[in-house]
Amino acid sequence: MPRQQKRPAYTLHKPTGQARVRIDGRDHYLGEHGSQESRDRYDDLIAEWLARQDVGRLTITIDDLALLYLDFARGYYQRDGRPTREVGNIQSALRLLVAFAGTTRVRNFGPRQFARFRDWLVQQKDARGNGDSKRTLTRQYVNKLMRYIVRCFKWASAEEYVPVTVWQGLKAVPGLKKGRTCAPEAPKIKPVDDELVDAVLKVLAPPVAAMVELQRVTGMRPGEIVQLRPCDVTRRTDGLWCYRPPRFKTDHNEGAERIVFLGPRAQQVLSSFLDRAPESPCFSPAEAVAWQRQQKRRLRKTRVQPSQQDRSQPSPMKAPGDQYTEDSYRRAIHYACRNANVAQWSPNQIRHTVATVVREKFGLEGSQVILGHARADVTQIYAEKNLKEAANIARQIG
């Protein structure tokens, strides 16, 4: 078998202080040496270089495979031209795998080594914490990381970077079982008390308060709330409104459709936010920022300096975005929780509250249809039954 070429190195170009890599006789300058930008650019170039290598495919290392799979994931897991959060999840899993066995050849990474990797993960700290707040990985998160690695080897076997038997061997390694590991359990997301929500609503900007109120009566996911536009809402002749999110959690499934029925309470909350351009977001961060500034100005006790009187043009670095994201929606609520001096809660907890209420009144099936937990393989008859049940619930609680 022809010998695989040595991977081009990440080096320092002293005259310019930039990182450099030489590939096929051509120099590529990557930006400031040691910066994350230059590292990412280097990874992209090496992934492209590896993809062009037709020799030694079965001799590549875990490090090489991670770059190849991440390059594939960035192109595959995207929406509207942007990588989804799945890319970040995959990247986190691959970084840990590379730290454990980066120099190991992929064909030699078998079930025993994968089991040792699983046990090694239990001893690691969660990189999302800071300092002493870093905690060991939970059992559920370790199992999630293992699934990403198995998915990576499945792709690698299809691309002939690794024998199919290696991928099949990794599938045989079980995840961590509850009560049979020292890994801690992830805390369950619990419903949030109405008293806490009411306290926070008093200090929230009107757009965010409307999002919270709308979520309380519909049980929508935060991602469905933030992208709501007037053009996505249809007024039916029976008095109900229908909202069809352009993107939702299971929209990658063939034939999947998400319909949120808006009853009288939801219509009352939303009506004042529909009077805008059809394709513009109903809930604007710019409006929230303007309201917050107005409140601060109203409560100010000292005279405003002349140079500070016109703050209508914020710095480009601090300008609010066109619409809320799931993260900015959550941060706005967390900030309001601190201002209201109450225990912190998150938007997903509202969804759990709605699920609890609906299940008590309408049973498990009612909770399933109102929250959009439909399976991809349900029959058309069952789907029609779900829509009728969802409409009935919306009339009563939404």
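All figures in this text were calculated on a predicted structure; none of them were measured in a lab.
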Tell me, with the steps shown, if L201 and D198 meet side-chain contact (heavy atoms from CB on, under 4.5 Å). CA-CA 5 Å; L201 283 173; D198 292 336; 4.1 Å; yes
Would you please test E326 and R221 for salt bridge (Lys or Arg N to Asp or Glu O under 4.0 Å) and show each step? CA-CA 9 Å; E326 294 179 56; R221 297 181 179 94; over 6 Å; no
Please assess I23 against H28 for the test side-chain contact (heavy atoms from CB on, under 4.5 Å), listing each intermediate value before the final yes or no. CA-CA 8 Å; I23 299 177; H28 297 266; 4.1 Å; yes
Walk me through whether R147 and K144 qualify under side-chain contact (heavy atoms from CB on, under 4.5 Å). CA-CA 5 Å; R147 290 193 293 271; K144 180 180 179 180; 3.6 Å; yes
Yes or no on salt bridge (Lys or Arg N to Asp or Glu O under 4.0 Å) for D44 and R41, after CA distance, side-chain angles and deciding distance? CA-CA 5 Å; D44 291 342; R41 178 60 179 154; 5.1 Å; no
Verdict with supporting geometry, V200 and L196, side-chain contact (heavy atoms from CB on, under 4.5 Å): CA-CA 6 Å; V200 171; L196 293 178; 5.7 Å; no
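Counting non-hydrogen atoms of neighbouring residues, nucleotides and ligands closer than 6.0 angstrom, the CG atom of D27 exceeds 12 such neighbours. When the shell of 6.0 Å around CD of E86 is examined, it contains more than 12 heavy atoms from other residues, nucleotides or ligands. For Q36, the CD atom counts as densely surrounded, since its 6.0 Å shell holds more than 12 non-hydrogen atoms of other residues, nucleotides or ligands. With a 6.0 Å radius and a threshold of 12 heavy atoms from other residues, nucleotides or ligands, Q168 has its CD atom above the threshold.
A donor-acceptor pair shorter than 3.5 Å cannot be found between the side chains of H33 and S38. A donor and an acceptor atom, one from each side chain of Y335 and Q344, are nowhere located under 3.5 Å apart.
In this structure a side-chain-to-backbone donor-acceptor pair under 3.5 Å is present from S284 to A286. In this structure, T11 contributes its side chain and R20 its backbone to a donor-acceptor pair below 3.5 Å. The closest donor-acceptor contact from the side chain of N143 to the backbone of L176 lies under 3.5 Å. For T353 (side chain) and V192 (main-chain N/O), a donor-acceptor pair under 3.5 Å exists by modelled atom type. For Y324 (side chain) and G223 (main-chain N/O), no donor-acceptor pair under 3.5 Å exists by modelled atom type. Within the 3.5 Å criterion, the main-chain N or O of M220 finds a donor-acceptor partner in the side chain of Q215. Proximity of a side-chain donor or acceptor of E159 to a complementary backbone N or O of A156 within less than 3.5 Å is not detected. For the pair S92 (side chain) and G88 (backbone), a donor-acceptor distance under 3.5 Å is present. Between the side chain of Q78 and the main chain of G75, a donor-acceptor pair closer than 3.5 Å is present. Judged purely by atom type and a 3.5 angstrom limit, Q227 uses its side chain to pair as donor or acceptor with the backbone of R247.
Across every non-hydrogen atom of A199 and A340, the tightest pair is O-CB, 3.9 Å. Looking at every heavy atom in both residues, V212 comes nearest to V197 through CG1-CG1, 3.8 Å. Of all the heavy atoms in E224 and Y243, the pair that sits closest is O-OH, 2.7 Å. In terms of heavy-atom proximity, L137 sits nearest to P184 at O-CD, 3.5 Å. Nearest heavy atom pair, residue L240 against residue F261, reads CD1-CD2, 4.1 Å. Taking both residues in full, the closest heavy atoms of A73 and I90 are given as CB-CD1, 3.9 Å, listed atom of the first, atom of the second, then distance.
Taking a cutoff of 4.0 Å between a charged side-chain nitrogen and a carboxylate oxygen, R39 and E32 do not qualify as a salt bridge. Between E287 and R276, at least one side-chain nitrogen of the basic residue sits less than 4.0 Å from a carboxylate oxygen of the acidic one, meeting the salt-bridge criterion. Using a 4.0 Å cut-off between charged side-chain N and carboxylate O, R229 and D232 make a salt bridge. In this structure, D119 does not pair ionically with R116, as no charged nitrogen and carboxylate oxygen lie closer than 4.0 Å.
To the nearest 0.5 angstrom, R351 atom CZ is 9.0 Å from T218 atom OG1. The distance from atom CG of N108 to atom OG1 of T61, rounded to the nearest 0.5 Å, is 11.0 Å. One distance of note links SG of C282 with CG of L270; it measures 5.5 Å at 0.5 Å rounding. Here the CG atom belonging to L214 is positioned 6.5 Å from the CG atom belonging to L262, to the nearest 0.5 angstrom. To the nearest 0.5 Å, atom SG of residue C231 and atom CG of residue L274 are 10.5 Å apart. The CD atom of Q91 lies 6.5 Å from the CG atom of D40; values are rounded to the nearest 0.5 Å.
Residues Y161 and I60 have side chains in contact (heavy-atom distance under 4.5 Å, counting atoms from C-beta outward). Within the 4.5 Å cutoff, no side-chain heavy atoms of Y29 are placed close to those of V21. The closest side-chain heavy-atom distance from R258 to R244 is not below 4.5 Å. With a 4.5 Å cut-off on side-chain heavy atoms, L145 and L96 count as touching. At a threshold of 4.5 Å between non-hydrogen side-chain atoms, the residues L30 and Y10 count as touching. Proximity of V150 to V173: side-chain heavy atoms (C-beta onward) are nowhere separated by under 4.5 Å. By the 4.5 Å heavy-atom criterion applied to side chains, F109 and L170 are counted as neighbours. At a threshold of 4.5 Å between non-hydrogen side-chain atoms, the residues V226 and P222 do not count as touching.
Hydrophobic clustering places L65 together with V87 (ILVMFWY residues linked when any side-chain heavy atoms are closer than 4.5 Å, directly or through intermediates). V203 and V208 sit in two unconnected hydrophobic clusters of ILVMFWY residues. Membership requires side-chain heavy atoms under 4.5 Å apart, directly or through other members.
Identified under the salt bridge (Lys or Arg N to Asp or Glu O under 4.0 Å) test for residues 184-196, with sequence neighbours left out: R139-E185, D194-R216. Pairs engaging residues 69-100 under the ring-ring contact (aromatic ring centres under 6.0 Å, His included) rule: Y69-F72, Y69-W155, F72-Y76, F72-W155, F100-F117, F100-W120 [sequence neighbours left out].
For F273, the ring-ring contact (aromatic ring centres under 6.0 Å, His included) partners at least two apart in sequence or on another chain are F283.
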